[in-house]
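We use all heavy atoms of the structure for the numbers below, so side chains are in, but hydrogens, waters and symmetry mates are not. Lettering follows sequence order; numbering is per chain, from 1. In this text the structure is predicted, and so the values were computed from the model without any measurement.
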Protein chains: 2
Amino acid sequence: MKNYYFDNSATSSPKPEAVYKAVEIGLREYNANPGRAGHRKAVEAGRKIYEVREKIAKFFNVKNSLNIAFTANATESLNFAIKGGIPQNSHVITTNFEHNSVLRPLFYMQDEKNIKLTFVNTYDEIEKNITSETKAVVINHISNVNGTIQNIEEIGKICKKHNLLFILDASQSAGYSYIDMEKHNISILCLTGHKSLFGIQGIGAICLRDNVKIEPILEGGTGSFSKLSRQPKEMPELLEAGTINTPGVISLGAGIDFINEMGLDKIREHENRLTKRFIDGLKDIEKIKIYKSLTEEQGPVVSLNIDGVDSGDLAQILDEEFGIFVRPGFHCAPLAHKVIGTYETGTVRFSFGYFNTDEEIEFALSTLENIALQI
Amino acid sequence: MKNYYFDNSATSSPKPEAVYKAVEIGLREYNANPGRAGHRKAVEAGRKIYEVREKIAKFFNVKNSLNIAFTANATESLNFAIKGGIPQNSHVITTNFEHNSVLRPLFYMQDEKNIKLTFVNTYDEIEKNITSETKAVVINHISNVNGTIQNIEEIGKICKKHNLLFILDASQSAGYSYIDMEKHNISILCLTGHKSLFGIQGIGAICLRDNVKIEPILEGGTGSFSKLSRQPKEMPELLEAGTINTPGVISLGAGIDFINEMGLDKIREHENRLTKRFIDGLKDIEKIKIYKSLTEEQGPVVSLNIDGVDSGDLAQILDEEFGIFVRPGFHCAPLAHKVIGTYETGTVRFSFGYFNTDEEIEFALSTLENIALQI
């Protein structure tokens, strides 16, 4: 049975061939501990790490590539940003579309550091909720539930005007949206490597704007400043405790190269066309309830339910009978389901990637139509 | 020029061929997000993760494999153990041979959580330093500076007798030493995958004994308990926030398979023979100062200096003129250098692995002899 992979919001699959190759070459040829020794193999690994830092800096317009630290995933980046960067006793504005990688650290801060939280649905509600206590805005750029895109240009302007820390969770948008640390006035950009950036699992990054200060929550060896009893204050060492995931970093570099070759705009247009085709096709199917973006822009993520069918059951039928891979349930974003009215049922999520095709969308639509007809 | 890799304490290199292959197959065939969806690809990835948890459990005799969480590296595991597991206001006994991955979290606890620290050199000094306030013992099993092996059987007995938390940093010993969570009464075992366990960089693990409780310091999506506003209390979710490094986990499983096939004892005996040969050979060379284990047992790590030669310069000569890859400096373990008298100079470290040969040792010895003669 042919497989139809529509779970790109969980991890992009497949990866570009060049990513597999880069990882293999990295493992065989650059297999040393970067920054931990002066010998050639370690220096070569260190140079690879440096090159990828530069690639990320260029891709997201991070002024100083040393302000980029590699992490294990977006969750780690977000914990660093939220727990290390938001002052205690402050007020923070966030959205109901946040993933648990943002919500749980924020609720920790609420419970332990006396921060107050305001939840909005869309970016146009941010400014009116700012008070004299507001210090930060934490925003999921694209919802992993329904593809709601928050306008980061507008949010950046608001944060600049009110001098707020702007923490952006770009888990779903990096590699799809145009993101510019400077133009969009982003204070802390949190990335994962294994989604639209086409890297492998286990690699993420956090990018700081100049003058943004955060406290580390992990400490350890940095291969430099060895005699310091506490974590060095300098980036990237500040946030890079322990051995870096060199193969992961290399995969991320190869992923960014792939995007640059294909063209970010072309990738986005392809995914947008597929998404539009999918949504347009769903409209004609009775019994299907679609959950789309709440803003003017729609990311390549769409949730749906079929009346009377449990989301888990539907996903299972799609998988077992049709080879269609989607994700049912809550997608680690519980509050989003309160907003869209699916807190009890969850949704079946289709998330598209660059390697999906029009034919695959047509197959998904005809399959859903057949299932809906038989209910 | 042939390369001689003696930097296995930083990362083992090369990896077994089976590890490269497992990673490639993992990336191409199991590339989905484990535990994040019910579809076949995600279930297959989840099954792989489960298998590796079972392998680790068997290898280290962890009673319940769900008490094993995957981390990014030993540093992350040690931060979780120390910051999440040691009660504030308590007294902790540790050694001067700790790596900064232990020292910096411990100094954080001293600065922020009012713990008191006692440093010993060897395990036989632990018991006499126990007070009524002592709650934990944190021990580097094998020193990454001079191969000092602390006797974990004895430490386990002491910790059991005095009801202390026993946190073991097995970064240098896992895959070389015989380690048994139950027999050695280890409360928290902290592992890295990319050293003697032959995995790739970016993967580590933390293993808890039954009834050991720790608080998470990272929180995020767990693919389960999605509606909980804080991190689930259940292992492994408690310590696994965000997407797991699936290729890293798979590499670790392949590494453990390789060790089981070769035999842990055989691997250790091979490395011990090389280490003994190296130390015996060095004894005959004038001007070389050797830094060996301070206990009865010697791990496969030896530091040295040549009188009058800077450690960085010596490492550079070895690299550039002879293709010998070693590590100079402090090895992220500053206090060890105070003990062995190299706090100003650092050392040149040779660390051996399973793929090193007798011929390589002979070449290293004759090269060192030639350099020493020419000084």
Check your understanding: Does the pair A:Gln201 and B:Asn31 meet the rule for a side-chain contact (heavy atoms from CB on, under 4.5 Å), with working shown?
Key -> CA-CA 9 Å; A:Gln201 289 168 20; B:Asn31 179 34; 4.1 Å; yes
Bottom line for A:Glu320: the part with an atom under 4.5 Å from chain B's heavy atoms is backbone
Distance col, row A:Ser226:OG vs B:His99:NE2, nearest 0.5 angstrom, shows 7.5 Å
Ranking B:Pro334, B:Ser229, B:Gly323 by heavy-atom pairs under 4.5 Å to chain A gives rank one to B:Ser229
Residue from A:Val102, A:Thr192, A:Leu228, A:Ile203 scoring the most non-hydrogen pairs under 4.5 Å with chain B is A:Leu228
If you tally heavy-atom pairs under 4.5 Å between each of A:Thr11, A:Ile82, A:Asn8 and chain B, the highest tally belongs to A:Thr11
(request) Kindly indicate whether the side chain of B:Glu219, heavy atoms from C-beta on, has any atom under 4.5 Å from the side chain of A:Lys83. (result) yes
Okay, A:His194 and chain B: the region with an atom under 4.5 Å from a heavy atom over there is side chain
(request) Give me the ring orientation class for B:Tyr5 and A:His39: parallel if the planes are under 30° apart, tilted from 30 to 60°, perpendicular past 60°. (result) perpendicular
Pair count under 4.5 Å, heavy atoms only, with chain A: among B:Phe70, B:Phe325, B:Phe107, highest is B:Phe325
request  = Report yes if some heavy atom in the side chain of B:Ile200 is under 4.5 Å from a heavy atom in the side chain of A:Leu27; otherwise report no.
outcome  = yes
Per-residue tally against chain B (heavy atom, under 4.5 Å) across A:Phe80, A:Phe330, A:Tyr108 peaks at A:Tyr108
Turns out that what part of A:Asn3 lies under 4.5 Å from chain B's heavy atoms comes down to side chain
Greatest number of non-hydrogen atom pairs under 4.5 angstrom with chain B, of A:Asp111, A:Leu335, A:Leu78, falls to A:Asp111
Of all heavy-atom pairs linking A:Val23 and B:Val23, the shortest is CG1-CG1, 4.4 Å
Counting heavy-atom pairs under 4.5 angstrom with chain B, the leader among A:Leu103, A:Ile217, A:Thr71 is A:Ile217
Taking every heavy atom of A:Gly223 against every heavy atom of B:Cys332, the minimum-distance pair comes out as N-SG, 3.6 Å
When the 4.5 angstrom heavy-atom criterion is applied to B:Ser224 and chain A, the contacting part is backbone
Value for CZ (B:Arg230) from CD (A:Gln110), rounded to nearest 0.5 Å, stands at 9.5 Å
NZ (B:Lys227) and CD (A:Glu344) are apart, to the nearest 0.5 Å, by 5.0 Å
Lys/Arg-Asp/Glu bridge criterion (N-O < 4.0 Å) met for A:Glu17, B:Arg28: yes
Among A:Gly248, A:Ala32, A:Pro14, the residue with the most heavy-atom pairs under 4.5 Å to chain B is A:Ala32
The interface call for A:Ser12 against chain B, heavy-atom contacts under 4.5 Å, is backbone
Check against side-chain contact (heavy atoms from CB on, under 4.5 Å), A:Thr222 and B:Arg104:
CA-CA 11 Å; A:Thr222 46; B:Arg104 286 174 174 167; 3.1 Å; yes
query = Are A:Thr243 and B:Asn73 linked by a side-chain donor-acceptor pair shorter than 3.5 Å?
reply = no
OG (B:Ser77) and CG (A:Leu218) are apart, to the nearest 0.5 Å, by 10.5 Å
When the 4.5 angstrom heavy-atom criterion is applied to A:Glu24 and chain B, the contacting part is side chain
